Amino acid sequence: MIEEDDQKLTRREEQCSPPRDLIEFYHRWSEYRPFVARLASRSDLSGSERELLGWLILLADRIGQHVFSH
């Protein structure tokens with residue numbers, strides 16, 4: 001089951017084109033978030049690298065919530 005989920009995520013990642021700019025990245029954050037979360041959980045990263053990616057995810061989530069709530 002986990003392998004199937006990984007394969008589905010990988011296919012989505014392959015179809016995910018890079019953003020043209022920061023605004024496009026912001027608008028497509030929901031598309032990029034699973035990819036970044038998967039990167040953050042990689043075992044070949046150091047603890048500080050995983051923590052940094054975790055903070056970046058929280059930041060992007062918070063900005064999206066703040067902007068859309070006003």
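Here the structure is a predicted model, which means the values were calculated and not measured.
Contact record, Trp29 with Ala60: CE2-CB, 3.4 Å, taken as the closest heavy-atom pair. Taking all atoms of both residues into account, the shortest heavy-atom contact from Tyr32 to Ser17 is OH-O, 2.8 Å. Here the closest heavy-atom approach between residue Arg28 and residue Pro18 is recorded as NH1-O, 4.0 Å. The two residues Ile57 and Val36 have their closest heavy-atom pair at CG1-CG1, 3.6 Å.
To the nearest 0.5 Å, atoms CZ (Arg42) and CG (Leu39) are separated by 6.5 Å. Expressed to the nearest 0.5 Å, how far CG of Leu56 lies from CZ of Arg33 amounts to 12.0 Å.
Defined by atom type and a distance below 3.5 Å, a donor-acceptor pair is missing between the side-chain atoms of Ser43 and Arg50.
With hydrogens and angles ignored, the 3.5 Å screen pairs no side-chain donor or acceptor of Glu51 with any backbone N or O of Gly47. Counting only distance, with no hydrogens or angles, the side chain of Glu49 and the backbone of Ser46 share a donor-acceptor pair below 3.5 Å.
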